[in-house]
Amino acid sequence: MKLKTKKRWNLALVASLALATVLSGCGNGSEADANQTYDPNSKLEFTWLNILHTASPPTDVIKNKLEEYTNSKINFSWVPDASKEERITTALASGQLADVVTITMMTNSTVRNSLKSGLFWDVGPYLDSYPNLKKIPQEVRTAASIEGHLYGVPFQKNMARSGLILRKDWLDKLGLEVPKTLDELYNVARAFTEDDPDGNGKNDTTGFGDRSDLRYSSFKTLSSYFGTPNGWAVDANGKFTPEFDTPQYMETLKYSHKLYENGYLTRDFAVTAKTDQQQQFAQGRTGIYTGMVDISSLENMSQGLQKGMELVPVNKISNGDGKYHVWSEGSGVGGLLAFPKSEVKSEAELKRLLQFVDKLLDKEAFMYMTGGIEGEHYKIDEDGSFKIINQDKWQADVQPFAASRPSEVTYKLKDSNPRKQMANELIQENDQYAVLDPTVPLDSQTNNEQGTELQKIVTDATFRYIMGELDDEGFKQAVQSWKDAGGTRITEEYEAAYKTSQGKS
């Protein structure tokens, strides 16, 4: 049997509520579909709406290898990470989807509502039929589910990847130690701005580089260092409080505003994209970067721009009490590989696509998507260390696929770059400090419908406070506006969902 799903990008498919209701009522397919069988040896052709985290899409080198390994023909439609929210939500609303859709914005209200509405297959009942998919831990499946339904294969991620990268050479030049507390970190930001760390006699450096994304910028990481709950706090009585309505969030606001007011945080952070933030660091204009996972990329980007650059990853910063907290990204879930019923019309097609994803979890596919081709892109040294041997070719052929791996935790590689290896080990260490978001496995209908728009109230107020455009009272008024516009209902719905999940009446 040959399964071949066709590309339907230009069809005016309407993902209306009525359609969603019909699809939801149909379950996972008709009785006839359920009786179909699939041939695991069939050639699979399919479309994949995927997120691009690099400046350019990959060449076909690794794509061809993956197609050969999985007996498939893949038609990618790449969505730049910077525009993923607009592009994915538009695709969901218009129905212009693909056979496989990469969904990373699990808290986005449009995305969550689409998942819950029945537009996608519930893959939960199928995973245990595949050798790799059945190994996905139950806690990961639970965290990726909505009201007990798993609407895609979870991307398995580290529990908490957050941390900082600092210019170690600048610390040494200024006689500073690697910071361990928020006060010490503030002093490093000050020194990196005011004390001429690059020694060129010019006032041309800033402590913190940053970008217009509260979640993956310094703010979220700093807030976890202050002990802010991750998304929501829930007490022993099941009462929920949003993170931005806590004293710790306010402490983070004041800290970040002080950084900004004194020039220790880049002035244009609110309109800076990730790639520009990386370029600022690589060019020696900033000395603190958020995201330990990017340490090798920053070193590579600095080649020819910075001489003697030495970096150090840092994962443990306390608020002075010696305790460590790092926010967890989705409780180890990085999103879903989801299968729309509008494209994947039969259970047989679904099973063949799941087999493809299962094959991506093999070590061979993992190495293609991580390192590329041995001897051409990478080598394994005598001590077992993994090393990229052609950086330019790896970036062009391989790097864009790294974020598409269904799991980044199934296999461990020893990195030949000692700074990258140290960062990897610190990310693993973060597991013991990870602060989970208690709402990840819960559902709120109001949040599904209004959450993204409501969050903009708080996001805007946070930016404005940091830049000195709002005071304490102004921020509190914004929080109250969030509550009045639907936030209170979201809180109540999460409390009810939590009570149900705990088996309480």
Check whether [X] reaches the backbone of [Y] with its side chain - one donor and one acceptor, N or O, closer than 3.5 Å.
X	Y	value
Glu495	Phe240	yes
Ser212	Thr272	yes
Thr286	Ile288	no
Trp394	Thr370	yes
Lys420	Val293	yes

Give the minimum heavy-atom separation between [X] and [Y], together with the two atoms involved.
X	Y	value
Ile427	Met292	CG1-CE, 3.7 Å
Gln248	Phe226	CG-O, 3.4 Å
Leu426	Asn315	O-ND2, 3.4 Å
Pro179	Leu166	CD-CD2, 3.6 Å
His53	Ala403	CD2-CB, 3.3 Å
Thr142	Pro441	O-CB, 3.7 Å

Write out all pairs satisfying salt bridge (Lys or Arg N to Asp or Glu O under 4.0 Å) with one or both partners inside [range], taking only residues at least two apart or from two chains.
range	value
residues 68-82	Asp81-Lys84
residues 290-303	Lys274-Asp294, Glu299-Arg419
residues 50-64	Lys63-Glu67

Side-chain contact test, heavy atoms from C-beta onward, threshold under 4.5 Å: evaluate it for [X] versus [Y] and give yes or no.
X	Y	result
Ile466	Leu265	yes
Leu361	Lys135	no
Ser224	Val435	no
Leu413	Phe366	yes
Trp232	Val234	no

| Checking side-chain contact (heavy atoms from CB on, under 4.5 Å) for the pair Lys412/Gln428: CA distance, chi angles, key distance, verdict? | CA-CA 11 Å; Lys412 299 289 190 298; Gln428 287 295 119; 3.7 Å; yes
Run the side-chain donor-acceptor check on residues 325-338: report pairs under 3.5 Å with partners two or more places apart or on a different chain.
unit_1: Ser328; atom_1: OG; unit_2: Met159; atom_2: O; d: 2.6
unit_1: Ser328; atom_1: OG; unit_2: Ser331; atom_2: N; d: 3.3
unit_1: Glu329; atom_1: OE1; unit_2: Arg161; atom_2: N; d: 3.0

I need the [X] [atom1] to [Y] [atom2] distance, nearest 0.5 Å.
X	Y	atom1	atom2	result
Arg167	Leu311	CZ	CG	7.0 Å
Arg215	Thr459	CZ	OG1	11.0 Å
His377	Ile62	NE2	CD1	5.0 Å
Leu360	Thr410	CG	OG1	11.5 Å
Thr47	Asn75	OG1	CG	7.0 Å
Ile490	Asn448	CD1	CG	9.0 Å

Could you tell me whether the side chains of [X] and [Y] share a donor-acceptor contact shorter than 3.5 Å?
X	Y	result
Asp381	Ser416	no
Tyr324	Gln432	no
Glu493	Asn447	no
Asn424	Lys414	no
Gln280	Tyr289	no
Asn230	Glu243	no
Gln399	Thr54	no

Kindly list each side-chain donor-acceptor pair under 3.5 angstrom involving residues 145-157, sequence neighbours excluded, with atom names and distances?
unit_1: Ser145; atom_1: OG; unit_2: Arg141; atom_2: O; d: 2.6
unit_1: His149; atom_1: ND1; unit_2: Asp122; atom_2: OD2; d: 2.9
unit_1: Lys157; atom_1: NZ; unit_2: Glu408; atom_2: OE1; d: 3.4

| query | Would you call Lys456 and Glu453 a salt bridge, taking side-chain N to carboxylate O under 4.0 Å as the test? | reply | yes
| Would Asp397 and Lys393 pass as an ion pair if we require N to O under 4.0 Å? |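 The answer is yes: the pair qualifies as a salt bridge.
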Kindly say whether the aromatic ring centers of [X] and [Y] come within a distance under 6.0 Å.
X	Y	value
Tyr433	Tyr225	no
Phe401	Tyr368	no
Phe269	Phe208	no

| task | Evaluate the side-chain contact (heavy atoms from CB on, under 4.5 Å) criterion for residues Asn158 and Asn430: first the C-alpha distance (whole Å), next the side-chain angles of each, then the deciding distance (0.1 Å), finally the verdict. | result | CA-CA 9 Å; Asn158 294 108; Asn430 275 350; over 6 Å; no
| said: Before you tell me yes or no, could you show the steps for Leu214 and Phe244 under side-chain contact (heavy atoms from CB on, under 4.5 Å), namely the whole-Å CA-CA distance, both residues' side-chain angles and the distance that decides it to 0.1 Å? | reply: CA-CA 12 Å; Leu214 285 183; Phe244 46 80; over 6 Å; no
| field | Listed once per pair and sorted, the side-chain hydrogen bond (donor to acceptor under 3.5 Å, both in side chains) pairs that draw on residues 354-363, sequence neighbours left out | value | Tyr69-Asp362, Asn132-Asp362, Arg352-Gln355
| message | Just to verify, which of Gln450, Lys116, Arg112 counts as forming a side-chain hydrogen bond (donor to acceptor under 3.5 Å, both in side chains) with Gln445? | response |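 Answer after filtering Gln450, Lys116, Arg112: Lys116.
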| task | Specify whether Phe386 and Tyr378 have parallel, tilted or perpendicular ring planes, treating 30° as the upper limit for parallel and 60° as the lower limit for perpendicular. | result | tilted
